[in-house]
Amino acid sequence: MDRDPGPPLLDLEPSVDTFRDDVLAGMARPQKRLPSKYFYDQRGSELFEQICELEEYYPTRTELDIMRAFGGEMAGVLGSDCVLVEYGSGAGVKTRILLDHLDAPAAYVPVDISRDHLQQTAVAISADYDSLAVHPVCADFTQPFELPDDVVPHHHRVVYFPGSTIGNLEPADVDDLLEQIAKLCRPDGGLLLGVDLKKDPAVLEAAYNDAQGVTAQFNLNLLRRINRELEADLSIDQFRHRAVYNHAAGRVEMHLVSRRRQRVEIGGEAFDLAEGETICTEYSHKYDLESFCQQAAQAGLVRRRTWTDQRGYFAVVYFEVRD
């Protein structure tokens with residue numbers, strides 16, 4: 001029996017040239033940087049799913065508890081006949097809770113940069129919700145993109161952006177993304193957003209330095225992807241994982257630390273690293289909710305409802321697009 005290819009996929013995946021340009025530009029900076037969006041090849045996506053199951057990694061578990069407790073209320077606020085556009089769809093676990101409560105959604109549009117993982121999710125959702133129109137889009141959602149032609153233009157649009165992935169962006173990039181979302185959803189549309197809140201730094205650092213070392217493997221996998229796709233010669237065992245909380249910036253910073261002085265070659269260009277020098281691979285900002293809502297308002301997104309856990313670790317917030 002032939003394997004179900006699933007719903008047709010709109011493929012806007014960034015090219016290898018874009019990947020190369022971003023990596024080379026980041027490695028040339030005084031503080032070397034690699035964009036965190038490139039974590040999510042097939043192996044990276046699988047490792048992140050494992051991270052979400054770890055005891056130390058509270059965000060996924062806490063957000064799931066909020067969704068289970070208040071999914072019906074959220075669906076009521078989103079309304080009937082909406083197009084649900086999910087940024088960073090992943091495995092779609094939280095999405096299913098929302099879909100189970102939504103009243104006759106017009107369509108589901110999962111958007112993810114990892115094509116293989118996206119297709120798997122789209123096939124599974126389409127099979128389990130047979131009356132739901134599923135339109136997967138492989139794209140970098142931090143850049144403007146068009147919805148598939150099959151998405152009916154006049155329907156009410158809601159972007160669902162779980163996981164506090166927005167925390168991976170610099171503040172100026174958050175502004176740009178919120179403005180892009182407001183434009184995509186249009187007045188009367190909305191944004192349902194997961195936001196990781198500020199808390200004890202010990203809790204934060206444990207979440208990104210798990211005892212099993214899964215997060216370390218997730219971080220190092222980015223080097224493996226660069227070797228595979230960009231003709232690089234990075235020695236994986238010459239780097240180690242480090243994650244620390246930067247109090248001043250209000251964020252966890254994830255780094256790859258060079259174990260020795262070394263020269264590496266990527267895409268025909270050479271880069272020198274000193275012993276102990278780091279390559280920053282991810283920022284994960286933690287937010288004060290009121291300050292974040294003020295920032296969102298500047299982009300035309302007005303908070304209407306907030307749901308949180310008893311400890312105040314995490315919040316799911318619904319914003320409406322202002323006329």
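Residue indices begin at 1 and follow the sequence shown.
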Is the shortest side-chain heavy-atom distance between [X] and [Y] below 4.5 Å?
| X | Y | result |
| --- | --- | --- |
| Ile236 | Asn221 | no |
| Val158 | Leu191 | no |
| Leu24 | Phe271 | yes |
| Leu12 | Gln143 | no |

Check this for me: does any side-chain nitrogen of one of [X] and [Y] sit under 4.0 Å from a carboxylate oxygen of the other?
| X | Y | result |
| --- | --- | --- |
| Asp41 | Arg228 | yes |
| Asp128 | Arg96 | yes |
| Asp237 | Arg240 | no |
| Glu253 | Arg251 | yes |
| Asp196 | Lys286 | yes |
| Glu205 | Arg242 | no |

Check the pair Glu290 / Arg303 against salt bridge (Lys or Arg N to Asp or Glu O under 4.0 Å), numbers first and verdict last. CA-CA 10 Å; Glu290 296 306 317; Arg303 174 171 56 164; 3.0 Å; yes

Does either side chain, that of [X] or that of [Y], offer a donor lying less than 3.5 Å from an acceptor on the other one?
| X | Y | answer |
| --- | --- | --- |
| Glu46 | Gln42 | yes |
| Ser258 | Glu277 | no |
| Gln298 | Asp175 | no |
| Glu49 | His117 | yes |

Same cluster for [X] and [Y] if Ile/Leu/Val/Met/Phe/Trp/Tyr side chains link at under 4.5 Å?
| X | Y | result |
| --- | --- | --- |
| Leu193 | Phe314 | no |
| Val317 | Leu98 | no |
| Tyr87 | Ile97 | no |
| Phe292 | Val321 | yes |

State which residues pass ring-ring contact (aromatic ring centres under 6.0 Å, His included) with Tyr108; sequence neighbours excluded, sorted by chain then number.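 Tyr108: no ring-ring contact (aromatic ring centres under 6.0 Å, His included) contacts found.
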
Against Leu47, only a single residue in Phe218, Tyr40, Phe39 fulfils side chain to side chain contact (heavy atoms under 4.5 Å, CB included); can you say which?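 Going through the options one by one, the only one that passes is Phe218.
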
Contacts of type side-chain hydrogen bond (donor to acceptor under 3.5 Å, both in side chains), residue Arg29, not counting sequence neighbours: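 For Arg29 there are no side-chain hydrogen bond (donor to acceptor under 3.5 Å, both in side chains) partners, ignoring immediate neighbours.
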
In terms of the angle between their ring planes, are Tyr245 and His247 parallel, tilted or perpendicular, with boundaries placed at 30° and 60°?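 It falls in the perpendicular class, over 60°.
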
In terms of the angle between their ring planes, are Tyr38 and Phe19 parallel, tilted or perpendicular, with boundaries placed at 30° and 60°?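 The arrangement is tilted - the two ring planes meet at 30° to 60°.
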
Looking at every non-hydrogen atom in both residues, tell me the closest pair between Leu102 and Leu84 and how far apart they are.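 Taking every non-hydrogen atom into account, CD1-CD2, 4.2 Å.
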
Give the minimum heavy-atom separation between Lys37 and Thr142, together with the two atoms involved.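 Scanning both residues completely, I find the closest heavy atoms to be NZ-OG1, 4.3 Å.
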
Can you tell me which residue among Arg260, Arg259, Glu275, Gln262 is in a side chain to side chain donor-acceptor pair (under 3.5 Å) with Gln238?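 For Gln238, the side chain to side chain donor-acceptor pair (under 3.5 Å) test succeeds with only one of Arg260, Arg259, Glu275, Gln262, which is Arg260.
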
Distance (rounded to the nearest 0.5 Å) between Ile51 CD1 and Asp210 CG: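 Rounded to the nearest 0.5 Å, the CD1-CG separation comes to 6.5 Å.
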
To the nearest 0.5 Å, what is the distance between CG on Leu222 and CG on Leu34?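 Here the rounded value is 5.0 Å.
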
Can you tell me if [atom1] on [X] sees more than 12 non-hydrogen neighbours from other groups inside 6.0 Å?
| X | atom1 | value |
| --- | --- | --- |
| Gln31 | CD | yes |
| Arg186 | CZ | yes |
| Asp149 | CG | no |

Hey, would you say the Tyr318 and Tyr160 ring centroids sit under 6.0 Å apart?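 Tyr318 vs Tyr160: aromatic centres not under 6.0 Å.
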
Just checking, Arg311 and Tyr313: is the charged tip under 6.0 Å from the six-membered ring centre and within 45° of the axis?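 Judged by the rule, Arg311 and Tyr313 form a cation-pi pair.
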
Is Thr165 reaching over with its side chain to a backbone N or O of Phe161, donor-acceptor style, under 3.5 angstrom?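 Not a single qualifying donor-acceptor pair exists.
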
